[in-house]
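Remember, it's a predicted structure, so these values are computed and weren't measured experimentally. The figures that follow rest on heavy atoms only: side chains count, while hydrogens, waters and symmetry mates do not. Protein chains get the first letters and strands the later ones, always in sequence-line order, with residue 1 at the start of each.
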Number of protein chains: 2
Amino acid sequence: MPIRNGLRPMWWHGRFRGCGYRITAPREAILDVLSKSDKHLSAEEIYIKVHTYYPAVGLTTIYRTLDILSNMGLIFKFDFGDSRARYELSEGPKGKKHHHHLICTNCNRIIDYADFIDEEIKLLEQTEKELLKRYNFKSTNHLIRFYGLCEKCQKNELN
Amino acid sequence: MPIRNGLRPMWWHGRFRGCGYRITAPREAILDVLSKSDKHLSAEEIYIKVHTYYPAVGLTTIYRTLDILSNMGLIFKFDFGDSRARYELSEGPKGKKHHHHLICTNCNRIIDYADFIDEEIKLLEQTEKELLKRYNFKSTNHLIRFYGLCEKCQKNELN
DNA sequence: TTAAGAATGGAAATCATTATCAATAAGAGG
DNA sequence: CCTCTTATTGATAATGATTTCCATTCTTAA
């Protein structure tokens, strides 16, 4: 599992250089881990994965890089209430677009969903319009989560 | 500012005892502070307010009590991303019902929004129904936030 | 009034995240 | 390919919110 694929340019290299950042081995490793996972990884989880085949990387670098990536908009940073930030690629090969979360309060599984329902889109648009009218609040972004029971936990509840 | 109003029963005493908890001076002080504030207070902010006229109370007790209150559903616990939990009364005299938040990304002001329009409620219910159909996810609660600019910050932006 | 054990507070411990700083390495220019 | 500038790195220490410990105090049922 070579991390640095020679000089082969990655999809994010351009954007990265454009922002004045250098391409380094740790950064490639971190993005490699992120692009190969479909989970919401914490800094430490990323650190461990990177560390297995690249022991030289320090946790500090993980945090620093995640911060840069987050500010650039290349990754999303979430807080699901387990007292650690979690990160997820927002673009590229396996990248996700803006999405909402379903959070199982029993097993803590997190389900991403982006195939928004017509009703949901309508709800958002109307609400944003209403917020502007009533509070003069100009919304530019939103966070939507549903808490409840996932399929498995509903079945297990029958026991 | 007497905290303990003699033996006058407070609105929350019954519920509190019902859960097997004792009525104590620190707990009365904390609920007093919460019920007199309409802000989203952090544990330390509550500690300082309680501390001014009740110096004996320790920060540990603040955390413990907030935890109990939160589990009982008497207060809401929120995380607005400033690395400290914030609490708000959910019932009683000044208590709020379920509401959503508008968060100004410029001045960090937080506006509660609970005067939902019928349309919004209907759309939300439909969305939850649809989530059950598509993902077999049984939603019991939700978190909705809008990030953007409040009235003041929109005006200041013109400068 | 009293005894059982719930509640308290101060100090120490946790734990995720940041700050510090000397050493290293990316990459522009020659 | 070599060199210089300076961004980047990693080890370690620091920070800051929240918890854990534990001996002492207080609430409350009987």
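Annotation: side-chain contact (heavy atoms from CB on, under 4.5 Å) contacts of A/Lys129 (sequence neighbours excluded): none. By the side-chain contact (heavy atoms from CB on, under 4.5 Å) test, A/Tyr135 pairs with A/Leu131, A/Phe137, B/Leu102, B/Ile111, B/Tyr113, B/Asp115, sequence neighbours left out. Partners of A/Ser83 by side-chain contact (heavy atoms from CB on, under 4.5 Å), not counting sequence neighbours: none found. Every residue meeting the side-chain hydrogen bond (donor to acceptor under 3.5 Å, both in side chains) condition with B/Glu151, not counting sequence neighbours, appears here in chain and number order: A/Asn136. In this structure B/Arg15 satisfies the side-chain hydrogen bond (donor to acceptor under 3.5 Å, both in side chains) test together with B/Glu91, sequence neighbours excluded. Looking at residues two or more places apart in sequence or on another chain, you find a side-chain contact (heavy atoms from CB on, under 4.5 Å) between B/Cys19 and B/Tyr21, B/Met72. Considering only residues two or more places apart in sequence or on other chains, B/Glu128 meets the salt bridge (Lys or Arg N to Asp or Glu O under 4.0 Å) condition with none of them. With sequence neighbours excluded, the residues forming a side-chain hydrogen bond (donor to acceptor under 3.5 Å, both in side chains) with B/Arg134 are B/Glu130, listed by chain and number.
OP1 or OP2 of D/dG10 lies within a sub-4.0 Å distance of a side-chain N or O belonging to A/Thr61.
To the nearest angstrom, P of C/dA7 lies 14 Å from CG of B/Leu31. The nearest whole Å value for the distance from the CD atom in B/Glu28 to the C1' atom in C/dT8 is 15 Å. Between B/Leu41 atom CG and D/dT18 atom P the separation is 13 Å, expressed in whole Å. Between the CD1 atom of A/Ile62 and the C1' atom of D/dG10 there is a distance of 11 Å, given to the nearest Å. The separation between B/His13 atom NE2 and D/dT27 atom P is 12 Å, rounded to whole Å. Rounded to a whole Å, the CD1 atom of B/Ile46 is 14 Å from the P atom of D/dA17. When rounded to the nearest whole Å, the span between OH of B/Tyr63 and P of C/dT14 equals 18 Å. A straight line from CZ of B/Arg27 to C1' of D/dT25 spans 14 Å, rounded to a whole angstrom.
By the 30° and 60° cut-offs, the orientation of the rings of B/His51 relative to B/Tyr47 is tilted.
Taking the charged nitrogens against the carboxylate oxygens, B/Lys36 and B/Asp32 do have a contact shorter than 4.0 Å, which makes a salt bridge. Salt-bridge formation is detected for the pair A/Glu45/A/Arg86: a Lys NZ or Arg NE/NH1/NH2 atom is positioned less than 4.0 Å from an Asp or Glu carboxylate oxygen.
Candidate nucleotides C/dA16, D/dG10, C/dT8 were compared by shortest atom distance to the side chain of B/Pro26, and C/dT8 ranks first. For B/Tyr21, the side-chain atoms get nearest to C/dA7 when compared with the rest of C/dA7, C/dT18, D/dT18. Across D/dA17, D/dG10, C/dG9, the shortest atom-to-atom separation from the side chain of B/Glu44 is found for D/dA17.
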Enumerate donor-acceptor pairs with a distance under 3.5 Å from any side-chain N or O in residues 142-149 of chain B to protein atoms, sequence neighbours excluded.
unit_1, atom_1, unit_2, atom_2, d
B/His142, NE2, B/His98, NE2, 2.9
B/His142, NE2, B/His100, NE2, 3.1
B/Arg145, NH1, B/Asp79, O, 3.1
B/Arg145, NH2, B/Asp79, O, 3.2

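Five base pairs at each end of the helix from C/dT1-D/dA30 to C/dG30-D/dC1 define two local axes, and these are offset by 40° (rounded to 10°).
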Where protein sits on nucleotides 20-25 of chain C, one letter per nucleotide: B base, S sugar-phosphate only, - none, heavy atoms under 4.0 Å: ------
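Of the residues in residues 65-88 of chain B, none lies under 4.0 Å from DNA chain C by heavy-atom distance.
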